[in-house]
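Read through the structure below, which is laid out as structure tokens, and then see the notes.
Read the numbers this way: they start at 1 and go in the same order the structure lists the ligands and their atoms. Residues take their numbers from the sequence shown, with the count starting at 1.
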Amino acid sequence: MKKFLVILTVFALLFTVVACSGGQETGGEGSENAGGDKPTIGVTIYKFDDNFMSFVRRAVESNAEGKADLILNDSQNDQAKQNEQVDMMISKGVKSLAINLVDPQAAPSIIEKAKAADLPVIFFNKDPESAMGTYDKAWYVGTAPEESGQMQGQLVVDSWKANPDWDKNGDGKIQYVLLKGEPGHPDAEARTEHSIKKIKEAGIEMEELELQTAMWDSVKGKELMDAWLSKHGDKIEYVIANNDAMALGAISSLQAEGYFEGDKFMPVVGVDAIPDALSQIEKGVMVGSVLNDAANQGKATVELALNVAQGKDVLEGTSWKLDDNKSVRVPYVIITLDNIAEAQAAYE
Ligand code: BGC
Ligand code: CA
């Protein structure tokens with residue numbers, strides 16, 4: 001019996017090793033078709049296990065269908081692994097790279113590799129910011145992150161004004177907790193800063209009870225909210241989350257404490273407008289979100305990567321525009337019950 005277990009464990013370990021080191025050609029056809037007429041694009045996603053990025057990935061795949069072969073990699077939240085994946089894709093002869101960095105500060109090392117191979121690179125979702133200026137064949141597809149913060153702030157302002165009873169201690173201030181995304185991620189930094197700024201500009205005083213990172217993650221969001229609820233309980237008057245995954249984690253923590261039943265309520269806002277958040281908005285649980293348009297970001301990423309893979313102008317045949325940092329910025333949209341269909345359409 002013991003021997004059997006040992007053998008089983010060895011097999012399980014072997015399998016894990018193979019599964020982790022593999023990861024490479026989820027797109028499959030890549031290398032076989034290298035001689036065909038469709039160019040091969042090397043794509044990395046910082047981790048497949050990210051709610052929002054799973055929608056972007058789907059959009060990348062569907063937009064590439066019939067036009068490009070993809071070598072699609074899960075970088076498993078490991079920058080060293082991503083660097084190896086990029087080397088591998090370059091050695092397989094990809095015609096362009098589409099890179100969702102693990103670490104937004106790691107752009108220079110990817111650019112170095114792309115430069116050495118004279119390959120164009122489209123970064124997406126994690127903005128390389130100033131590193132873009134170091135390579136003429138680098139572009140970015142994402143958003144203007146401060147816009148999402150401002151819109152989320154506006155959601156808080158409008159809902160707070162419409163619901164005077166949310167000021168539970170009646171002091172005119174919002175006692176809030178904030179779930180932050182990955183520190184150093186331009187979206188997390190800008191949303192944290194600009195949401196609060198917008199609310200203050202509207203003349204509402206803010207009192208921060210807690211602010212910590214839950215790394216964009218639902219489970220971590222729930223854990224933090226559990227701790228904050230046991231510390232502050234009903235003194236918390238608003239939950240502001242940098243993304244919906246963390247907002248949904250907070251909601252499940254609140255539900256376990258009896259919120260959203262009877263008249264026990266806690267306002268929660270997020271960003272992304274992913275389908276699970278939309279259904280909470282429909283139920284009247286979540287106040288609203290800000291649409292982070294996964295479908296269009298995936299589409300723009302493929303269109304640009306395909307153009308440069310074929311030696312065309314990066315925007316040829318598209319309706320995208322570049323800003324002065326060679327970046328396409330897909331607009332955000334405030335989402336409440338009133339216009340929820342708009343967000344549903346973006347995630348179909
Ligand atoms: C999204 C987050 C996501 C992150 C990944 C952000 O733009 O709002 O939900 O986790 O990108 O980089
Ligand atoms: Ca108050």
Report task. Would you check if the Ca ion (ligand 2) lies under 3.0 Å from any N, O or S atom of G170? Result -> no

Query raised in the report: Do other residues, nucleotides or ligands put more than 12 heavy atoms under 6.0 Å from K197 NZ?
Result: no

Query raised in the report: F260 vs F265 aromatic rings, parallel, tilted or perpendicular, using cut-offs 30° and 60°?
Result: perpendicular

**Report entry** Closest protein heavy atom to atom 6 (C) of ligand 1, given as residue, atom name and distance to 0.1 Å
**Finding:** D187 OD2, 3.5 Å

Query raised in the report: Is F123 close to L101 at the side-chain level, that is, under 4.5 Å between some pair of heavy atoms?
Result: yes

Report summary line: protein heavy-atom neighbour closest to atom 12 (O) of ligand 1 works out as N125 OD1, 2.5 Å

Query raised in the report: Taking atom types as modelled and ignoring hydrogens, do the side chains of Q85 and D74 form a donor-acceptor contact shorter than 3.5 angstrom?
Result: no

Requested in this report: Kindly give the atom name of the N, O or S atom of D167 closest to the Ca ion (ligand 2).
Outcome: OD1

Query raised in the report: Purely on distance, is any nitrogen or oxygen of N242 under 3.5 Å from one on ligand 1?
Result: no

Requested in this report: Answer with side chain, backbone, both or neither: which part of K126 has a heavy atom less than 4.0 angstrom from an atom of ligand 1?
Outcome: side chain

Query raised in the report: Does the salt bridge (Lys or Arg N to Asp or Glu O under 4.0 Å) test come out yes or no for E303 and K299, once each step is laid out?
Result: CA-CA 6 Å; E303 289 178 345; K299 182 168 189 269; 3.2 Å; yes

Query raised in the report: Short check: any N/O/S atom of D171 below 3.0 Å from the Ca ion (ligand 2)?
Result: yes

Query raised in the report: With respect to the Ca ion (ligand 2), what is the nearest N, O or S atom of E237?
Result: OE1

Report task. With heavy atoms under 4.0 Å as the rule, classify the contact between M215 and ligand 1 as side chain, backbone, both or neither. Result -> neither

Query raised in the report: Side chains of V141 and W320: closer than 4.5 Å at any heavy-atom pair?
Result: no

Query raised in the report: Would you say the side-chain atoms of S327 pair up with the backbone N or O of D323, donor to acceptor, closer than 3.5 Å?
Result: no

Query raised in the report: Is the shortest N/O to N/O distance between Y332 and ligand 1 below 3.5 Å?
Result: no

Report summary line: Vertex the Ca ion (ligand 2), ends Q175/OE1 and K173/O: angle to nearest 10° comes to 90°

Query - Which residue and heavy atom of the protein sit nearest atom 8 (O) of ligand 1, plus the separation - result: D272 OD1, 2.6 Å

Query - Value rounded to 0.5 Å, distance of CG in D272 from CG in N292 - result: 4.5 Å

Query - D50: numbered ligand 1 atoms lying under 4.0 Å from its heavy atoms - result: 3 (C), 5 (C), 10 (O)

Query raised in the report: Is the shortest heavy-atom distance from the side chain of M132 to the side chain of Y140 under 4.5 Å?
Result: yes

